[in-house]
Amino acid sequence: MSVDDYSENPFALSADDTAKLDAIEQALLDPSPRRIGLLDQWGLADTYEMHAEIAEYRNLSIAMADGTMIDASLCVPRNLAPGQTCPTIVMPAPLNDLGHRGYLGMIPHWALGGYAVLAYSQRGLARSGGEIHVAGPQDVADATEIIDALVRIKGVAPERIGFFGASYGAGTSLLAAASDPRIKAVVGTSAWSDLFASLYENGTRHLAAFEALVKLFKEDRCSAEFKGIIQKIRGNVVDDEVRKFAGDRSPKNHLQAYNDSQVPILMTTAWHETIFSVPAVVDLFNGLTGPKSLLVQVGDHGNGELPGLVGLVSKPTSMAYRWMDHHLGGSAGDGAQPQYGVRSEYMHNLLSDLQHPDWESYALPKKRFHLADAAAGAADGQLTEDKPQPGWTRSLKATGKDTEAVVAPKLIQTGLAERVGFPHIYKTADIDRGLAAIWTTAPLEQPMRVQGEFELRVTVTPRAMEGTIVAYLMDCDPAGNRAHIITHAPYTVTNQQPGQATTVTFPLQPAHYVLNKGRRLQLIIDTHDQFFADANRAPSTVDLTSPQGNESYLDIPLGTLE
């Protein structure tokens, strides 16, 4: 695999979805029988005919204090009685060329539920003027000015304003809610919590995802500050400026504000999210003391909500309608009460739906598996539950080339295939054991479930002052050594001198996975994945060891399938 495998736009809509949104926009702006009739091919004509009877939609530009024009759309109910007001949903755009038009499929659902809707593209995105600040203080100030303009519109209830955002819009929504008390409820789908943790996981840059986002932002539209940060991240310069830039844009740093206001927050993410840090989202959710809900789904960034954004049904958008109805008083949802706590799917069943009151009751206790040397005559090591296993060493060649084990062959698209029942197949028997070390359990005696958080400890000795390892946990079919990925994480060691042994303990991404009887859990550790920036000097070697007193282990949240 090469870097070119990540060069395509991972968020590109299909031609049919693009045509559908174009037709929806035309029908909203000109609700004539001819325009609405064109929506019949998608079964949407009746919905938009009803929308035209009860609401009026128009595009507009909103001037910010510095003169920047923000591209927006406004949908307001028709024929409000004198003095009647309605709840309002504000939707900052996701990161795509459509800007706020990416939400067109949701407009009639909100309108038919009695809401006014204002959707807008943050400065620098799509047709809005200005420069891109990446949900920075300027974007938060813009959100406040958007609300200032909104509350002057006749019929808008200033005490019933909610923010809904997907991806980039989720970050803006969460950060705005920490700053402006007029925001009474928030939904962030494919949300982020800690931008630094999303850029640097265990000291390792998420370079492929970062470059994909920069390409979508269009670098020439970025602010001078952001351009400087881009160059520092590319050059692996981690200084106070980078940390402050990320910190200013991290909702986790506003936890006290959320808890003081008790603003209701619903967030969604995915088990194989490749853009933002899932552990950081879980940490933010756990720290909230107000009304809160967390949905974690099969797939990757944006996969779960995409059908809902284009006007179909999805769990994230259905939950959003219920959430806003309950907290703002509309009727866009199905009338059911919102679900608090943790709601999850397990891989690879998108129809699964489990609910727990909190993360503590959701996550299974960890079971410790020790990394042991290979049995006599075997090439791979063992994952064993009996006792710590010191004394072995595995030397890995660092060549700068991928093995068969990778986080995802394609950003977003691999997760989307996984979501619809076609997870990527890893041929673990083909992995060069000189490039990777592998440990495997005995076949499972009964069906099991993995549910929660992981921890890996191993001693790493790079031949240079820095060294990167990447760990993957697989569900392996012993009949053909074909596997599916459960979770992963990288770790980069930075030492004072080459050849220094360092024991590292770090989390892997949380996961929810069902294992069939007879399957094996398989831990793979190698030194390179195109998804991450590699700190290894190539060619060289990296040794993995298990010294006495610091024996290597993998903690897995494993339990029987009930």
Side-chain angles (χ1 to χ4, degrees), residues 21 24-29 31 44 47-62 70-80 84-94 98-122 126-128 142-143 145-166 169-170 172-173 176-177 180 182-189 266 305 308-312 314 316-333:
L21 290 178
I24 287 173
E25 182 175 32
Q26 294 304 312
L28 286 169
L29 293 170
L44 298 174
T47 297
Y48 284 87
E49 186 173 9
M50 288 188 291
H51 175 271
E53 293 175 359
I54 66 167
E56 178 183 357
Y57 175 91
R58 61 187 173 94
N59 289 328
L60 71 158
S61 293
I62 304 174
I70 298 297
D71 182 41
S73 64
L74 177 67
C75 178
V76 293
R78 297 181 187 272
N79 304 319
L80 288 175
Q84 183 182 0
T85 60
C86 59
T88 301
I89 302 299
V90 180
M91 298 197 291
L98 295 169
H100 68 81
R101 290 164 180 81
Y103 294 133
L104 284 170
M106 297 184 71
I107 296 292
H109 293 275
W110 293 121
L112 292 169
Y115 293 89
V117 182
L118 194 155
Y120 72 97
S121 304
Q122 295 93 302
R127 302 177 191 175
S128 285
D142 288 347
E145 290 192 51
I146 294 287
I147 296 175
D148 291 342
L150 179 65
V151 297
R152 292 194 290 268
I153 297 172
K154 183 179 178 181
V156 168
E159 75 283 0
R160 291 194 289 162
I161 294 173
F163 266 57
F164 172 96
T172 301
S173 296
D180 197 317
R182 292 175 294 181
I183 300 173
K184 302 301 183 184
V186 181
V187 174
T189 64
L266 162 61
E305 65 265 30
L309 298 185
V310 298
L312 302 176
S314 73
T317 51
S318 294
M319 290 177 69
Y321 298 137
R322 293 176 186 172
W323 193 257
M324 295 302 189
D325 287 351
H326 182 78
H327 296 291
L328 301 180
S331 57

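Keep in mind that what you see is a predicted model, and the values were worked out from it rather than measured. Quick note: numbers below take in every heavy atom, side chains included, and nothing from hydrogens, waters or symmetry partners.
- When Val90, Ile62, Asp71 are each tested for a side-chain contact (heavy atoms from CB on, under 4.5 Å) with Tyr120, only one passes: Val90.
- With rounding to the nearest 0.5 Å, the separation of CE in Met106 from CG in Leu104 is 11.5 Å.
- Between atom CG of residue Leu21 and atom CG of residue Leu98 there is a gap of 6.0 Å, rounded to the nearest 0.5 Å.
- Partners of His327 according to the side chain to side chain contact (heavy atoms under 4.5 Å, CB included) rule, which considers only residues two or more places apart in sequence or in another chain, are Ala185, Pro264, Pro291, Trp323, Tyr340.
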Quick one, His109 with Ile89, criterion side chain to side chain contact (heavy atoms under 4.5 Å, CB included). Give me CA distance, side-chain angles, the key distance, then yes/no.
CA-CA 11 Å; His109 293 275; Ile89 302 299; over 6 Å; no
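- By the ring pair (Phe, Tyr, Trp, His ring centres under 6.0 Å) test, Phe163 is found to be paired with no residue, residues two or more places apart in sequence or in another chain being considered.
- Contact record, Ala93 with Gln122: N-OE1, 2.9 Å, taken as the closest heavy-atom pair.
- Side-chain contact check for Asp148 versus Arg182: some heavy-atom pair is nearer than 4.5 Å.
- Annotation for Gly105 and Ile24: closest pair CA-CD1, 4.3 Å, computed over non-hydrogen atoms.
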Could you tabulate the donor-acceptor pairs under 3.5 Å formed by side-chain atoms of residues 154-162, not counting sequence neighbours?
| unit_1 | atom_1 | unit_2 | atom_2 | d |
| --- | --- | --- | --- | --- |
| Arg160 | NH1 | Leu328 | O | 3.1 |
| Arg160 | NH2 | Thr85 | O | 3.3 |

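- Between atom OH of residue Tyr103 and atom CH2 of residue Trp110 there is a gap of 11.0 Å, rounded to the nearest 0.5 Å.
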Show me the side-chain donor-acceptor pairs of residues 49-58 shorter than 3.5 Å, one per line, residues at least two apart or across chains.
| unit_1 | atom_1 | unit_2 | atom_2 | d |
| --- | --- | --- | --- | --- |
| Tyr57 | OH | Asn59 | OD1 | 3.4 |
| Tyr57 | OH | Ser73 | OG | 3.4 |

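- Sequence neighbours left out, the pairs with a member in residues 318-328 that pass salt bridge (charged side-chain N to carboxylate O under 4.0 Å, His left out) are Arg322-Asp334.
- Of the inter-residue distances, the one linking Met91 atom CE with Ile146 atom CD1 reads 13.0 Å to the nearest 0.5 angstrom.
- The two atoms that bring Pro94 and Gly99 nearest to each other are CD-O, 4.0 Å, heavy atoms only.
- Here Leu60 contributes atom CG and Leu118 contributes atom CG; the two are 6.0 Å apart, rounded to the nearest 0.5 Å.
- Partners of Tyr48 according to the ring pair (Phe, Tyr, Trp, His ring centres under 6.0 Å) rule, which considers only residues two or more places apart in sequence or in another chain, do not exist here.
- Put simply, CG on Leu28 and CD1 on Ile107 are 7.0 Å apart, with the number rounded to the nearest 0.5 Å.
- Here the closest heavy-atom approach between residue Pro87 and residue Gly114 is recorded as CD-O, 3.7 Å.
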